[in-house]
Amino acid sequence: MIGRKNMGRASPLLLVLLALGFFFATYNLLTLVIQYKDSSTGLRSGISDPVTGMPTNSWKLGKSNLKFHVALTATDAPYSQWQCRIMYYWYKKMKSMPGSDMGKFTRVLHSGKGDHLMDEIPTFVVDPLPEGLDRGYIVLNRPWAFVQWLEKATIEEEYILMAEPDHIFANPLPNLAHGDNPAGFPFFYIKPTEHQKIVRKFYPEEKGPVTDVDPIGNSPVIIKKSLLEEIAPTWMNVSLRMKDDPETDKAFGWVLEMYAYAVASALHGVRHILRKDFMLQPPWDLEVGKRFIIHYTYGCDYNMKGELTYGKIGEWRFDKRSYLSGPPPKNLTLPPPGVPESVVRLVKMVNEATANIPGWDSLNSG
């Protein structure tokens, strides 16, 4: 039996270490984003081709119309809890709207014990990795959490959406998968072909070309439950092997687990339909439009002229990492004029959720 980790209330030292970890992760991703912006024609304001790749003949399958189970992995830390509450609020609002194929919802809590949100959010408790195995990379618990949940839980739906706490449903989400072809979001910074030497350590030549490894992470992905049951143990093992390899760990950093899922899927011969409209990421994506999920992983910093300040704390800002030890307050100040619609919409949606979730300000009292 995998041992349980003591996930009690975070100490000041732990919060400092978390803050430093988030800083370096944000810095690395910010560098990638700025490089992407400089190499493109500018910030993306719309999507002309939402489907960037689709496996052969899958257009003929048509829309599945099958419900999918929404599942996200989480910890019992306050930083994770308040994000889960907002995410669940918008799930409930969008679930019954026309065009939605959302089924039931589960927060897969990998703390080894329940918390005070058990009655508010449908939750399934699983064990974390053994003490020290994640080496500070807490995301490594995600594949192990899915392995346990899939093995032990009763899941009625045929499909599963793997989501994250910092996702907000901006529009009703249909089942974007087609039969055995899951749907995933293409991340511009997941580049298997640019890391062939490393990828080949885990995806040998006899399995196929490196281009068979999709430029995705595990989230957001809508996938058949039976396929995920096959992939998840491989995903966990590849993640641990990658973390144990210094060259791979250094090259992939905080997106290592994303690469591990992409490689694990390829090892099972699974290709994903790549949907740009699956998700948007403020502040780089400027409009919500018909896209389905807002992913607020990046800090949004602006001066009072509405200009984005790259890597510099703005006169106005919204950054989830400002609230490591507790939830953001209700009624956050809206951005100044000139800030993109995606950022304004994000803050308004956060404000609506915090205004309507009972006991928002008492999150840390339980």
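Position 1 is the first residue of the sequence, and the numbers go up from there.
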Legend entry - Check against salt bridge (charged side-chain N to carboxylate O under 4.0 Å, His left out), Glu157 and Lys104: CA-CA 8 Å; Glu157 296 86 351; Lys104 294 183 178 180; over 6 Å; no
Inset, instruction - Begin from the C-alpha positions of Asp180 and Lys224 and carry the test salt bridge (charged side-chain N to carboxylate O under 4.0 Å, His left out) through to its verdict. - result: CA-CA 7 Å; Asp180 287 340; Lys224 228 175 189 179; 3.0 Å; yes
Inset, instruction - Walk me through it: do Arg142 and Glu164 pass the test salt bridge (charged side-chain N to carboxylate O under 4.0 Å, His left out)? - result: CA-CA 10 Å; Arg142 182 175 293 153; Glu164 296 182 17; 3.4 Å; yes
Inset, instruction - Could you check Val350 against Ile168 for side chain to side chain contact (heavy atoms under 4.5 Å, CB included), going step by step and ending with a plain yes or no? - result: CA-CA 9 Å; Val350 169; Ile168 291 178; 4.1 Å; yes
Inset, instruction - Could you walk me through whether Asp212 and Lys207 pass salt bridge (charged side-chain N to carboxylate O under 4.0 Å, His left out), step by step? - result: CA-CA 9 Å; Asp212 286 349; Lys207 295 297 294 185; over 6 Å; no
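Of all the heavy atoms in Tyr137 and Lys243, the pair that sits closest is CB-NZ, 3.8 Å. Heavy-atom minimum distance, Ala183 versus Ala177: CB-N, 3.9 Å. Residues Trp316 and Leu334 come closest through the heavy atom pair NE1-O, 3.4 Å. Closest approach of Asn351 to Leu332, counting heavy atoms only: OD1-N, 2.7 Å. Smallest separation of non-hydrogen atoms from Val263 and Val213: N-CG1, 4.0 Å.
Legend: residues meeting salt bridge (Lys or Arg N to Asp or Glu O under 4.0 Å) with Arg317, ordered by chain and number and at least two apart, are Asp301, Asp319.
The main-chain N or O of Pro329 is never found under 3.5 Å from a side-chain atom of Tyr323 such that the two would form a donor-acceptor pair. Remark: the backbone N or O of Ser325 is not paired with any side-chain donor or acceptor of Trp82 at under 3.5 angstrom. Counting only distance, with no hydrogens or angles, the side chain of Thr123 and the backbone of Ile121 share a donor-acceptor pair below 3.5 Å. No side-chain donor-acceptor contact under 3.5 Å links Asn237 to the backbone of Leu240. With hydrogens and angles ignored, the 3.5 Å screen pairs a side-chain donor or acceptor of Glu341 with a backbone N or O of Val288.
A salt bridge links Arg135 with Asp244: at least one charged nitrogen is closer than 4.0 Å to a carboxylate oxygen. Using a cut-off of 4.0 Å between Lys/Arg side-chain N and Asp/Glu carboxylate O, Lys290 and Asp277 are scored as not salt-bridged. Ion pairing of Glu287 with Arg345 is absent here, as no side-chain N (NZ or NE/NH1/NH2) approaches a carboxylate O to less than 4.0 Å. In summary, Arg291 and Asp285 engage in a salt bridge, as defined by a charged side-chain N under 4.0 Å from a carboxylate O. In this structure, Lys113 pairs ionically with Asp76, as a charged nitrogen and a carboxylate oxygen lie closer than 4.0 Å.
To the nearest 0.5 Å, atoms CG (Asp101) and NZ (Lys95) are separated by 11.0 Å. Atom-to-atom distance recorded for Met242:CE and Thr248:OG1 is 6.5 Å, nearest 0.5 angstrom. The OH atom of Tyr159 sits 6.0 Å away from atom CG of Asn175, with the distance rounded to the nearest 0.5 Å.
In this structure, Trp235 has its ring center under 6.0 Å from that of Tyr261. If you look at His195 and Phe252, their ring centroids are closer than 6.0 Å. Aromatic rings of Phe105 and Tyr88 (six-membered ring for Trp) have centroids within the 6.0 Å cut-off, being under it. Taking the six-membered ring for Trp and the full ring otherwise, Tyr89 and Tyr91 have centroids separated by 6.0 Å or more. Taking the centre of each ring, His167 and Phe278 stay at or above the 6.0 Å mark.
Annotation: side chain of Ile160 is not in contact with side chain of Phe68 (no heavy-atom distance under 4.5 Å). Contact check for Ile293 versus Leu280: no side-chain heavy atoms found under the 4.5 Å cut-off.
His110 and Thr75 form no side-chain donor-acceptor contact under 3.5 Å, judged by distance and modelled atom types alone. For the residue pair Gln281/Tyr296, the side-chain donor-acceptor check at 3.5 Å is not satisfied.
When each of Lys197, Arg241, Arg200 is paired with Glu247, the salt bridge (charged side-chain N to carboxylate O under 4.0 Å, His left out) condition holds for Lys197 and for no other.
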